[in-house]
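What follows is one structure encoded as structure tokens, with my remarks underneath.
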Amino acid sequence: MKFAVVVFPGSNCDVDCYYAVKYGLNQEVEYVWHQEKDLSKYDVIMLPGGFSYGDYLRAGAIARFSPIMEAVKEAAEKGKYVIGICNGFQILTEAGLLPGTLRKNEGLKFICKTVSIIVENDKTPFTTRLKKGQEISLPIAHGEGNYYVDGQTLEDMKKNDQIVFRYKENVNGSVERIAGVINKEGNVLGMMPHPERAYEPLLGNTDGLYILGSIVDNFIKGGVN
């Protein structure tokens with residue numbers, strides 16, 4: 001099993017993702033520069049947090065045009081697992097791989113703390129180690145994590161069980177406290193909290209392994225093409 005950690009200019013959580021996969025999951029992982037155009041040898045694609053292109057224009061708005069994003073789309077279409085964390089989530093929405101958009105936080109302040117999130121869907125490849133309604137703790141660090149989607153799309157997402165995580169409390173103004181969503185096909189996840197920063201007891205939290213470990217479990221079961 002091989003993970004790709006995509007590195008954009010301004011990524012700053014790429015090393016966190018790499019270490020979480022290599023030492024937390026004991027899986028093979030490589031950095032992939034954003035100008036690459038082929039992800040065919042990888043089983044799981046990770047888009048890390050950070051400030052791609054300095055968040056100019058809007059978070060993720062420029063990164064979505066990076067050459068590698070066509071390969072990310074191809075991987076998603078083939079059913080491979082794609083996970084975008086924080087800025088990676090923003091990039092996935094800008095690229096149209098996930099519904100909605102991420103706006104500036106309510107209150108316009110950068111938020112950096114550990115928060116409680118509630119599992120809404122435990123049937124995804126990213127949440128099979130969890131139970132619906134389970135509460136876990138994960139770090140957040142974002143200035144544009146305020147998830148917004150129009151009313152009709154929100155209703156469609158509910159019907160399709162696309163809401164995966166909610167904040168226990170209103171953290172940033174997100175619609176219905178949404179913290180993570182998945183595509184209709186169920187193989188592309190975007191979330192603002194950072195599971196890769198919670199994989200090691202030395203970090204004071206291992207709840208991130210519920211999510212990252214679920215990916216490995218489902219790959220082993222043959223869930224990825």
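Count residues from 1 along the sequence. What you see is a predicted model; the values in this text were computed from it and never measured.
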Tell me whether [X] contacts the main-chain N or O of [Y] through its side chain, where contact means a donor paired with an acceptor under 3.5 Å.
X      : Y      : value
Glu74  : Ala71  : no
Asn172 : Gly145 : yes
Arg166 : Glu176 : yes
Gln162 : Ile182 : yes
Asn205 : Ser137 : yes

Tell me whether [Y] is reachable from [X] by hopping between hydrophobic residues (I, L, V, M, F, W, Y) whose side-chain heavy atoms are closer than 4.5 Å.
X      : Y      : value
Ile215 : Phe219 : yes
Val175 : Leu108 : no
Met191 : Phe51  : no
Ile136 : Ile118 : no
Phe65  : Ile68  : no

If we count only N and O atoms by modelled type, under 3.5 Å, do the side chains of [X] and [Y] hold a donor and an acceptor together?
X      : Y      : result
Ser52  : Asn87  : yes
Asp150 : Thr153 : yes
Tyr53  : Ser66  : yes

Would you say Lys158 has more than 12 foreign heavy atoms packed within less than 6.0 Å of its NZ? yes
Can you tell me how the ring of His142 sits relative to the ring of Tyr167, calling it parallel under 30°, perpendicular over 60° and tilted otherwise?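 Tilted, since the angle between the ring planes falls between 30° and 60°.
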Going by the angle between their ring planes, with limits at 30° and 60°, are Tyr18 and Tyr31 parallel, tilted or perpendicular? parallel
What is the minimum heavy-atom distance between [X] and [Y], and which atoms define it?
X      : Y      : result
Lys73  : Ala95  : CE-O, 3.6 Å
Cys86  : Ala141 : SG-O, 3.5 Å
Tyr199 : Leu209 : O-CD1, 3.4 Å
Pro195 : Leu138 : CA-CD2, 4.0 Å
Val188 : Leu97  : CG1-O, 4.3 Å

Please step through ring pair (Phe, Tyr, Trp, His ring centres under 6.0 Å) for the pair Phe126 and Tyr81, ending with a clear verdict. CA-CA 9 Å; Phe126 308 92; Tyr81 298 156; 5.7 Å; yes
Determine whether Phe3 and Glu28 satisfy the following criterion, side-chain contact (heavy atoms from CB on, under 4.5 Å), listing intermediate values before the conclusion. CA-CA 6 Å; Phe3 284 70; Glu28 189 175 356; over 6 Å; no
Of the options Lys80, Lys2, Glu30, which is the one that meets Tyr42 in a side-chain hydrogen bond (donor to acceptor under 3.5 Å, both in side chains)?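 So the option named by the test is Glu30.
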Run Arg177 and Glu169 through salt bridge (Lys or Arg N to Asp or Glu O under 4.0 Å) and show every step you take. CA-CA 7 Å; Arg177 307 190 316 280; Glu169 300 176 349; over 6 Å; no
